[in-house]
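Remarks on the structure that follows.
Positions are given from 1, in the same order as the sequence printed here.
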Amino acid sequence: MNLADKVLAVNNDLPIRTDAPVHSGKVRSVYWLTATDSKRLIEEKGYDVPSDTSLAIMVISDRISAFDCIWSGENDMRGVPGKGAALNAISNHWFKLFKEQGLADSHILDIPHPFVWIVQKAKPVMIEAICRQYITGSMWRSYTKGERDFCGIELPEGLAKDSKLTALLQTPSTKGILEGIPGVPAVDDVNITRKNIEDNFEAFNFKSVDDIAQYEKLLTEGFDVISAALSKIDQVFVDTKFEFGYVKDVNGDDKLIYMDEVGTPDSSRIWDGEQYRAGKVVENSKEGFRQLLLNHFTDPDILLNKDRMSEREALARDNKLPLSVLMDVSKTYTDIAEKITGDKIVLSDNPKAEIVSILREQYQLID
């Protein structure tokens, strides 16, 4: 079996029993279980949720996206070996730590396989909740152009690139295109202020105004927990994105939870501490891959300019990256996952076959 066979590139074609369309994102695919299977699993596995809760199988892939495009490599490498397992392992580690420290639950109920989560249906808060401890990336680019107001927060003059901010900043943006909200453009991923959220809390799917403070508290607490843990392995938690949603607890009451992924190399910037103290930024996250792409192509504006999206898509489609590039990315993901979790990331010989076998034999979800 060659290396490409160990990469799970397509994850929306599994024969999981469902009566709804499979939702496939850039990296994950979601299979909504039938009401019968959901109820059966809740009873058989003892999941701590109401008996009528809708469940889903969430399957991660090894695909890698950057600049809103999926990238592939030579030798039919349509993903990064070990990436999916590394991302899930890191999220699982942080979700467990959050629960141990009394923060909040996640949407995950069970982990049948390193690529698979069983989750309960959540109503997402329509906000990309971003925390920033350092000024870098898009914030730095805007700062150099004279912008000082970020999501209603005024930054001082004289900041240096990649320097630590005096306080942890929350800079939320919209999740998806939200229409009809005064003062908020109907485009994806546009910066918003706390007042935008307060004045339109229902449009962002908050149950009450008071829950805005709860989301901000969980955002800060989650960042601090991960940052403290990373500092123990000499890694700098630079910035990250959280997502939140509502689920029903076992009594049928709404509760705000963490959802999607947390503290991963896909959703965060993580820098090597020793190198940063020496004045050099070494990325242990997908940002390193993004920087590589910017340096790899002769016209990096294609990757940064949203008005050139058709050119960008052609660039990703028509350029197969060197195998060495994807293996370097693989090492970044697996190394940081092993540092965080303390466990080895083992590549599956045939992840799809393993997933099918487990979901058929242990969960009876495949005929």
**OP:** May I ask you to decide if Leu159's main-chain N or O and Tyr143's side chain share a donor-acceptor pair within less than 3.5 Å?
**Re:** yes

**OP:** Using only heavy-atom distances, determine whether the side chains of Asn319 and Trp71 contain a donor-acceptor pair under 3.5 Å.
**Re:** no

Subject >> Val27-Leu326 co-clustered via ILVMFWY side chain contacts under 4.5 Å >> reply: yes

Original post:
Does the pair Phe150 and Leu169 meet the rule for a side chain to side chain contact (heavy atoms under 4.5 Å, CB included), with working shown?
Top reply: CA-CA 9 Å; Phe150 293 88; Leu169 300 187; 5.8 Å; no

Original post:
How about Trp271 and Glu283: does a side-chain donor come under 3.5 Å of a side-chain acceptor?
Top reply: yes

Original post:
For residues Arg28 and Asn88, is any side-chain donor paired with an opposing acceptor at under 3.5 Å?
Top reply: yes

Original post:
Taking the six-membered ring of Phe67 as reference, does the NZ or CZ atom of Arg312 fall below 6.0 Å from its centre and within a 45° cone about the axis?
Top reply: no

**OP:** Find out whether Leu315 and Leu303 are in side-chain contact, i.e. whether some heavy atom of one side chain is under 4.5 Å from a heavy atom of the other.
**Re:** yes

Please list every donor-acceptor pair under 3.5 Å in which a side-chain atom of residues 127-138 meets a protein atom from a residue at least two apart or in another chain.
from	atom 1	to	atom 2	distance (Å)
Arg132	NE	Thr171	OG1	2.8
Thr136	OG1	Asp162	OD1	2.8

**OP:** Return yes if some donor-acceptor pair links the side-chain N/O of Asn11 with the main-chain N/O of Val59 below 3.5 Å, else return no.
**Re:** yes

Original post:
Same hydrophobic cluster for Leu41 and Val356, using side-chain heavy-atom links shorter than 4.5 Å among ILVMFWY?
Top reply: yes

**OP:** Would you please name every residue forming a side-chain contact (heavy atoms from CB on, under 4.5 Å) with Thr174, sequence neighbours left out?
**Re:** Leu178, Val184, Val190, Ile192, Phe204

Original post:
Among all residues two or more places apart in sequence or in another chain, which pass the ring pair (Phe, Tyr, Trp, His ring centres under 6.0 Å) test with Phe242?
Top reply: Tyr258

Original post:
Stepwise, does the salt bridge (charged side-chain N to carboxylate O under 4.0 Å, His left out) test hold for Asp253 with Lys248?
Top reply: CA-CA 5 Å; Asp253 297 322; Lys248 299 288 186 181; over 6 Å; no

Original post:
How about Arg269 and Asn284: does a side-chain donor come under 3.5 Å of a side-chain acceptor?
Top reply: no

Return a table of donor-acceptor pairs under 3.5 angstrom between the side chains of residues 216-228 and protein atoms on other chains or two or more places apart.
from	atom 1	to	atom 2	distance (Å)
Glu216	OE1	Arg194	NE	3.1
Glu216	OE1	Arg194	NH2	2.9
Glu216	OE2	Arg194	NE	2.8
Lys217	NZ	Glu221	OE2	2.9
Thr220	OG1	Gln170	NE2	2.8
Thr220	OG1	Glu216	O	3.2

**OP:** Please list, chain by chain and in numerical order, all residues satisfying side-chain contact (heavy atoms from CB on, under 4.5 Å) with Asp19, sequence neighbours excluded.
**Re:** Thr34

Subject >> Neighbour count >12 (heavy atoms, 6.0 Å) for atom NZ, Lys331 >> reply: no

**OP:** Would you mind reporting whether Ile108 and Met259 have side-chain heavy atoms less than 4.5 Å apart?
**Re:** no

**OP:** Report yes or no: do Val22 and Met58 belong to one cluster of Ile/Leu/Val/Met/Phe/Trp/Tyr joined by side chain heavy-atom distances under 4.5 Å?
**Re:** no

**OP:** Check whether more than 12 heavy atoms from other residues, nucleotides or ligands sit under 6.0 Å from atom CD of Glu43, and answer yes or no.
**Re:** no

**OP:** For residues Thr53 and Leu55, determine if any side-chain heavy atom of one lies less than 4.5 Å from a side-chain heavy atom of the other.
**Re:** yes

**OP:** Output all residues satisfying salt bridge (charged side-chain N to carboxylate O under 4.0 Å, His left out) with Asp307, sequence neighbours left out; order by chain, then residue number.
**Re:** none

Original post:
Are any non-hydrogen side-chain atoms of Tyr246 and Lys207 less than 4.5 angstrom apart?
Top reply: yes

Subject >> Same apolar cluster: Phe237 and Leu97, side chain cutoff 4.5 Å >> reply: yes

**OP:** Tell me, yes or no, whether the heavy-atom count around Glu274 atom CD, taken from other residues, nucleotides or ligands under 6.0 Å, exceeds 12.
**Re:** no

**OP:** For Lys39, look at atom NZ and say whether over 12 heavy atoms of other residues, nucleotides or ligands are found less than 6.0 Å away.
**Re:** no

Original post:
If you count the non-hydrogen atoms of other residues, nucleotides and ligands that lie under 6.0 Å from CD in Glu179, is the total more than 12?
Top reply: no

**OP:** Indicate whether the side chain of Tyr363 and that of Asp110 have a donor and an acceptor atom separated by less than 3.5 Å.
**Re:** yes

Original post:
Testing Glu311, Lys306, Glu313 for side chain to side chain contact (heavy atoms under 4.5 Å, CB included) with Met309, which one passes?
Top reply: Glu313

Original post:
Among the clusters formed by ILVMFWY side chains lying less than 4.5 Å apart, do Val247 and Leu103 turn up in the same one?
Top reply: no

